[in-house]
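Here is the structure we will look at, set down as structure tokens.
Below, read A as the first sequence line, B as the second, and so on, with proteins coming before strands; counting in each chain starts at 1.
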Number of protein chains: 2
Amino acid sequence: MPETTPVDQVMELVSLLQRDMAHSFARDGLTEARAHLLWVLQDGPTTQRALADALRVTPRNITGLVDGLVASGHVVRRAHPTDRRATLVDLTEPGADLLRSMTEGYAEMHEVLFGGLPDRELAAFGRTLGRVVDRLRARLVEEGIG
Amino acid sequence: MPETTPVDQVMELVSLLQRDMAHSFARDGLTEARAHLLWVLQDGPTTQRALADALRVTPRNITGLVDGLVASGHVVRRAHPTDRRATLVDLTEPGADLLRSMTEGYAEMHEVLFGGLPDRELAAFGRTLGRVVDRLRARLVEEGIG
DNA sequence: TATTGTTATACTCTATAACTATA
DNA sequence: TATAGTTATAGAGTATAACAATA
């Protein structure tokens, strides 16, 4: 019988989580990339340049994603108050509503994944996971994908 | 200061792992979708229909992915021995070599993520992760994404 | 000179629908 | 009738390169 390794478990987690999120986004009429952009707008109006950095894609991409979100009524482009080259992307009222529901969904994820787990078990899990994430981050830096 | 929750940690893990894998695949001249297809071929020659089910995409997609992998010399199409409608996709020698190196990379991932961790800690982590994965799987079934 | 965002172009992944060959 | 895979068509995400406006 094929044994399940911790690495298998992690990969399975990634796969399931991706499917779950893609499903949620689709239900909201969003793609993953657009949902990601909306998520970044939590921090307030943002230039397209900053969005490109946050999403790790080219500025050209942001143009397309923002175009889509403008068409769907979730965001608007506004003039930057001091830099006339730059454009600020900001949430509309419906966009802010959607982001709120996304935030609620994110909070509920804690209950879905960990609800009812003993505090000690959850704490231990978090400690180990923290180490794993740190190792992975270090590896990316090593590989120059920092 | 913004507190890091276990859900944040999980999301960070997913994000980092995706970047790491995309980087590895790109280094091998593969996209994520093509790497996934190659991975499925571990189990031997496979019909395109079975690949479509495994990758959860439409048969039309498999045509495109296989076309790409044929062009890059990683796989070949072969006649199905008994069903003349079906096509078997099989690894070439270079494709098998690449898959071997992917398998090695997968095995090394254990060392990257968990190397040097005490057995007890790793075992506890695996137990909790198993529960979390089960919960997530149950949720997908509930949502009808089974 | 450097930066911001756009137009132009191209590639990949994805989907649906219609079709052919076969079962 | 149903299934396997293709052609046709379309939309979304991604990239590079060239460009205009502004810093």
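Of the possible donor and acceptor atoms, none in the side chain of B:Arg77 sits under 3.5 Å from a partner among the backbone N and O of B:Val70.
Within the structure, salt bridge (Lys or Arg N to Asp or Glu O under 4.0 Å) contacts touching residues 119-128 of chain A (residues at least two apart or in different chains) are A:Glu121-B:Arg131. Within the structure, the ring pair (Phe, Tyr, Trp, His ring centres under 6.0 Å) test picks out the following pairs touching residues 108-146 of chain B (sequence neighbours left out): A:Phe125-B:Phe125, B:His110-B:Phe114, B:Phe114-B:Phe125.
Residue-level contact check: A:Thr63 touches the bases, meaning some heavy atom is under 4.0 Å from a base atom. Counting non-hydrogen atoms under 4.0 angstrom, A:Thr87 reaches the backbone sugars and phosphates but no base.
Atom P of nucleotide C:dG5 and atom CG of A:Asp53 are separated by 10 Å, given to the nearest angstrom. Taking atom CZ of B:Arg78 as the reference point, atom C1' of D:dA4 lies 17 Å away to the nearest angstrom. Between the P atom of C:dT4 and the NE2 atom of A:His80 lies a distance of 10 Å, rounded to the nearest Å. Across the protein-nucleic acid pair, A:Asp67 atom CG and C:dT7 atom C1' stand 12 Å apart, rounded to whole Å. Taking atom CZ on B:Phe25 and atom C1' on C:dT12, their separation rounds to 16 Å, with Å as the unit. Protein atom CD1 of A:Ile62 is 16 Å distant from nucleotide atom P of D:dA12, rounded to whole Å.
Residues from residues 39-51 of chain B that place a heavy atom under 4.0 Å from any atom of DNA chain D, listed by number: B:Thr47, B:Gln48, B:Arg49.
In this model, the phosphate group of C:dT4 is not approached by any side-chain N or O of A:Arg77 to a distance below 4.0 Å at OP1 or OP2.
Looking at A:Arg100 and A:Glu104, no side-chain N of the basic residue comes within less than 4.0 Å of a carboxylate O on the acidic one, giving no salt bridge.
With sequence neighbours excluded, no residue satisfies ring pair (Phe, Tyr, Trp, His ring centres under 6.0 Å) with B:His23. Partners of B:Phe25 under the ring pair (Phe, Tyr, Trp, His ring centres under 6.0 Å) rule, at least two apart in sequence or in another chain, do not exist in this structure.
The distance from the OG1 atom of B:Thr4 to the CE atom of B:Met11 is 13.5 Å, given to the nearest 0.5 Å. Here the OG1-CG distance, from B:Thr31 to B:Leu69, works out to 7.5 Å after rounding to the nearest 0.5 Å.
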**Message:** For a quick check, with a 4.0 angstrom heavy-atom cut-off, what is the B/S/- contact string for nucleotides 14-23 of chain C, read 5' to 3'?
**Reply:** BBB----BBS
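Follow the hydrophobic side-chain contacts under 4.5 Å out from A:Val76 and you never reach A:Leu38; the two are in separate clusters.
Of the candidates D:dT6, D:dA12, C:dT6, the closest approach to any side-chain atom of A:Arg34 belongs to D:dA12.
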